[in-house]
Amino acid sequence: MARLLQFSTTCVPSSDGDCRAIGRLRSGSYCHHLQSGGPISCHSARACSFYGSTASSLRWQLWTRTSERSSPWNRIATAMSSMKELQLGVITVQEKEEDRLKGDENRSGTLRVALVCGGPSEERGISLNSARSVLDHLEGGDVSVSCYYMNQKLEPFGIPSALMYSNTPEDFDFKIASTARSFKSQAEFLEHLQATSDIVFPALHGRFGEDGGIQALLESAGLPYIGTGAAAAQVAFDKYDAAAEMAWHGFATLPIFLVENGKVDINRLRGWFEDNNINANSGRVVVKPARSGSSVGVSVAEGLDTAVQHAEALFNKGGNDRVVIEMFAEGALEFTALVLDVGFGNETRPVALFPTEVELSGLDYESDGENETAIFNYRRKYLPTRQVSYHTPPRFSEETINKIRNRAADLFRILNLRDIARVDGWLLPQVGGQSETIIFSDINLMSGMEQTSILFMQASLVGLAHVDILRTLLRRACTRYPTIPLPMSIGSSMSLSNSFAKVDPCTSKQKVFVLFGGDSSERQVSLISGTNVWLNLRAWNDLDVSPFLLAPAEPNGIKPKMGTDRVEDKTVWALPYAAVLRHTVEEVVEGCVENLKSQAIAKVTSLRDRILSDLQGSAKASLLSNEGHMELPSMITLEKFIEEAKQNDAVVFIAVHGSIGENGTLQELLAASGVRHTGSAAEASRLCMDKAATGAAISHLSSQGIYTAAKALRKVHEILQKEDQVWMELKEELKANDLCVKPVGDGCSTGVAKLSCAEDLAAYAKAVQTGQSQIPPGTFLKAHGIIEMPGVPPERLLFEPFIETDHIAVLSSTTGEDSKDGELIWEGKSRWIEVTVGVLGVQGVMHALNPSITVKETGSILTLEEKFQGGTGINLTPPPPSLATEEAIAGCKKRIEIVARTLGLDGFARIDAFMHADTGEVIIIEANTVPGMTPSTVLIHQALAETPAMYPKTFFRKVVDLALQK
């Protein structure tokens, strides 16, 4: 059944199902059904359609009530009733709210927060990222956080906080029975929460997390929680119902067509295309699930037939019972705005923060490969990419920004939302005498809360640090429940845990300069690593930690006039808090340049003052000075950066991956000035950066079960002259049919690919010669993901035999009726497993951590994302007994320590290898002297697997302490 939502903001439904036309049409003409003296009924959907000419061919919204349609609020009653019926078998809790805290006399004023993540949606990995960030920044002092996980079957588990640092839930699904507390039923889970928590923080995204599911479950047991109530959540989450409500209240929305029950009524859809002046052959529309979040399943279709295909594909995929087809907002500017409720009790007082403009560009490799339409899809939203840029505040006028803020706050209030929400929308630019129009499209009830999420980006510009916004959110929710004993510090800066060092006021703090960025293909990973290190080290009272960005290139007009191209003259930016929270290195630099302009400073200051006035002191802005000012970025040279580090006796925490961060250049410059730094010295760094030299340095260790693959070097120009001949020569020399190619000197996973024929070799060499930044999927004979290429094209390439390992799969309950969450599948024919092992200590006495197995999602080579980005890849730490024996793991660790000693590694590093599952013998792939330090990288998993466990704050502090020993 398809329902029609046509375009006319001036029309709203009346209570009897008719349409009422209200107000002036955008062109300056009046609807011919509109009379002076007030609204009148209009019974013709098409008669009220207005085909005015605008920049984006968008018209005003008309909601047509068909005889079979009921309002979203009526329909939700049936849905919620069905949900209750489903839950009756498990919900038997009858405790009253006033009895919930009985027996808690010994709690000592600590607020107990139950943090829930996971769920059945495709965003469960993002849910884990958000929950990890909440845990890092909320727990401490008088706030205690307990962690819980719901699998795809909605079975709840109490999990140790160490599991929160996994890449995805699949990392621990296979061992959850042995590491987590299971509950016999949801009823038992709810009873447990009633006895052990004061409030629930449901960090669940998408289905069940934002559609009223978890909310209804918690409400059934009288449990306080953060976020919008169940009934309002279901309406706001459903894109069609939300559009209906927005249109009802006079908000502009895009024309939208609903498809239900897996069938597309093509005739009605064709009529919708005609009504909205969309070309049935080539007109662009957006197809997406009605009940899903984070751009999951969103695609752009051209023409009616393609739209039908995309809709049917979503139904065939499963999990979608409603799909919407929406007009493509051609020429419109996209924005997103966080709304924070700072009311008290049952009073709602929404305040919108700085909106963010979302600028999209570039080919979407996840589409059919032919559609170059830029859409804000799942990959662009959560993975660092230059295909999307964020501008906070937007490049709109201050008046327009305040209109967006005010309308977003109005929408929050009208839809009965609570605590926090993110509202996405479009700005139709002004054309001729027509005013600009604000259109809202999607409502997100639990915005992503990763470290550099839009939430924290917008909040930081107001002066709110991570802890400030989270504690404000927590305090606001608690005020709805009078029985919750609210600690005095909620809403203030976080008191650090007793496990962190306390510093005497008379004692100066040890300065740490965290340097990240650079110009290698790993610079975006470096930004994530450096941000994570900086945020974790800030928790130590005896450290004074400052973030610095090594700029990848010199923006026009700002390069210092040194007259040379020396490395020392590279630009370094000293960053304030808000400047760090960006998604790409380039975005950080562009933001710094923009924020130094007087006009931008005035605009941001004016908007901030207005937002702070709206907040009325309800949120602590710890990033502001006593005068209400915020720190600005400053630009210096690398030489000056080193001088300042020396003058301040600072330790430089090197988080620059690849290029000068790992080839010994930076280490040599720091050592020459007597500046202590983390990681290995220049000589070991140079050695490990050259993969051919690394292999030669350990080639004599074969008698100890340590091997290195055969290697061959070729120049790129020679390959392009005679690719067929070179391919045959390489196969003969390396005694292999499939080859692994990589740059001789670059960071891990950069430019690493599997080649299976001469055509693959030619395509790879051409990509290097032309300076391609990426090689898209489908380029080579065998399946592979996106391959990030070196920033500076190498002259020589290194070839090795491709070592085949048996495919490892982690099954989930969605893959089949008989599969269990976390079930491991491994044939084990070759007995070789790819592992990565961290090492920690001083040169000559390096301790190997437990190995990790990273399961590839696509192709045969681990991508940068699978290695370092939360929500992607699967890491098994340590390898489960079904894959490797304890003896083999012990043997592997011993051999890795020998390799570290041989290479002269110091501080910390990571070694990648193939491990024999039975003997623990290793084939060394490479050593990384500046390993990934992202929130969910394997190094963190391995540190947590130590006895006692080293949490990220402790691990990074250990790395600093090792540098101080030099």
Side-chain angles (χ1 to χ4, degrees), residues 1-7 13 45-46 49 58-59 61-72 74-76 78-79 82 121-122 206-207 210-211 234-248 253-329 367-368 371 373 375 377-378 424 441-443:
M1 171 61 198
R3 295 180 184 144
L4 181 64
L5 192 62
Q6 292 181 313
F7 203 50
R46 294 208 177 194
S49 296
L58 297 180
R59 293 160 300 281
Q61 180 65 56
L62 175 66
W63 174 253
T64 301
R65 286 185 140 193
T66 60
S67 58
E68 58 274 0
R69 178 191 180 272
S70 59
S71 75
N74 289 333
R75 192 166 62 75
I76 194 174
T78 303
S82 299
S121 80
E122 294 181 63
R207 188 159 50 93
E210 297 180 79
D211 63 359
Q234 186 162 1
V235 172
F237 182 72
D238 188 295
K239 293 176 175 61
Y240 189 76
D241 287 349
E245 284 299 307
M246 286 189 281
W248 183 290
T253 61
L254 293 169
I256 189 170
F257 185 92
L258 175 66
V259 185
E260 291 184 292
N261 303 322
K263 291 185 178 181
V264 182
D265 187 328
I266 297 178
N267 289 331
R268 295 202 63 178
L269 180 58
R270 182 175 288 107
W272 180 82
F273 267 73
E274 293 174 359
D275 288 343
N276 292 287
N277 276 357
I278 304 173
N279 189 297
N281 296 318
S282 60
R284 292 195 291 184
V285 294
V286 177
V287 184
K288 51 189 174 182
R291 297 174 180 149
S292 188
S294 293
S295 303
V296 171
V298 180
S299 63
V300 173
E302 294 186 358
L304 186 147
D305 291 341
T306 307
V308 171
Q309 293 172 7
H310 286 207
E312 291 177 341
L314 286 174
F315 285 123
N316 293 335
K317 184 179 179 180
N320 299 304
D321 57 350
R322 287 158 63 91
V323 170
V324 294
I325 300 173
E326 185 179 75
M327 175 185 280
F328 186 84
S367 69
D368 55 15
N371 183 358
T373 299
I375 59 173
N377 60 16
Y378 185 87
D424 302 336
S441 56
D442 292 285
I443 299 161

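Positions are given from 1, in the same order as the sequence printed here.
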Subject >> Between CD on residue Glu274 and CG on residue Asn279, distance to nearest 0.5 Å >> reply: 11.0 Å

Subject >> Stepwise side chain to side chain contact (heavy atoms under 4.5 Å, CB included) test for Leu269 and Ile325 >> reply: CA-CA 9 Å; Leu269 180 58; Ile325 300 173; 3.9 Å; yes

Original post:
Can you name the nearest heavy-atom pair linking Ala243 to Ile256, along with the distance?
Top reply: CB-CG2, 4.3 Å

Original post:
Ion pair present between Arg268 and Asp275, side-chain N to carboxylate O less than 4.0 angstrom?
Top reply: no

**OP:** Please examine the side chains of Arg322 and Asp238, heavy atoms only from C-beta on, and report whether any two atoms are closer than 4.5 Å.
**Re:** yes

Subject >> Point-to-point distance, once rounded to the nearest 0.5 Å, from CE of Met327 to CG of Asn277 >> reply: 7.5 Å

Original post:
Which pair of heavy atoms, one from Val324 and one from Ala290, lies closest together, and at what distance?
Top reply: CG1-CB, 3.9 Å

**OP:** Check step by step if side chain to side chain contact (heavy atoms under 4.5 Å, CB included) holds for Lys288 and Val323.
**Re:** CA-CA 6 Å; Lys288 51 189 174 182; Val323 170; over 6 Å; no

**OP:** Considering non-hydrogen atoms only, spot the tightest contact between Phe315 and Asn320 and give its length.
**Re:** CD2-O, 3.2 Å

Subject >> Asn281: partners by side chain to side chain donor-acceptor pair (under 3.5 Å), with sequence neighbours left out >> reply: none

**OP:** Under the side chain to side chain contact (heavy atoms under 4.5 Å, CB included) rule, what do Phe328 and Val285 come out as? Steps first, then yes or no, please.
**Re:** CA-CA 5 Å; Phe328 186 84; Val285 294; 5.6 Å; no

Original post:
Closest approach of Ala242 and Ala236, non-hydrogen atoms and distance?
Top reply: CB-O, 3.6 Å

**OP:** Please assess Phe257 against Val287 for the test side chain to side chain contact (heavy atoms under 4.5 Å, CB included), listing each intermediate value before the final yes or no.
**Re:** CA-CA 10 Å; Phe257 185 92; Val287 184; over 6 Å; no

Original post:
To the nearest 0.5 Å, what is the distance between CD (Glu210) and OG (Ser292)?
Top reply: 9.0 Å

Original post:
Is there a donor-acceptor pair under 3.5 Å between the side chain of Asn261 and the backbone N or O of Lys263?
Top reply: no

Original post:
Would you call Glu302 and Ser282 a side-chain contact if the rule is heavy atoms closer than 4.5 Å?
Top reply: no

**OP:** Could you note down all residue pairs passing salt bridge (charged side-chain N to carboxylate O under 4.0 Å, His left out) where residues 309-321 supplies at least one of them, sequence neighbours left out?
**Re:** Glu122-Lys317, Arg291-Asp321

**OP:** Taking all heavy atoms of Pro289 and all of Lys239, pick out the closest pair and write down the distance.
**Re:** O-CD, 3.5 Å

Original post:
How long is the span from the CG atom in Asp424 to the CD1 atom in Ile443, to the nearest 0.5 Å?
Top reply: 9.0 Å

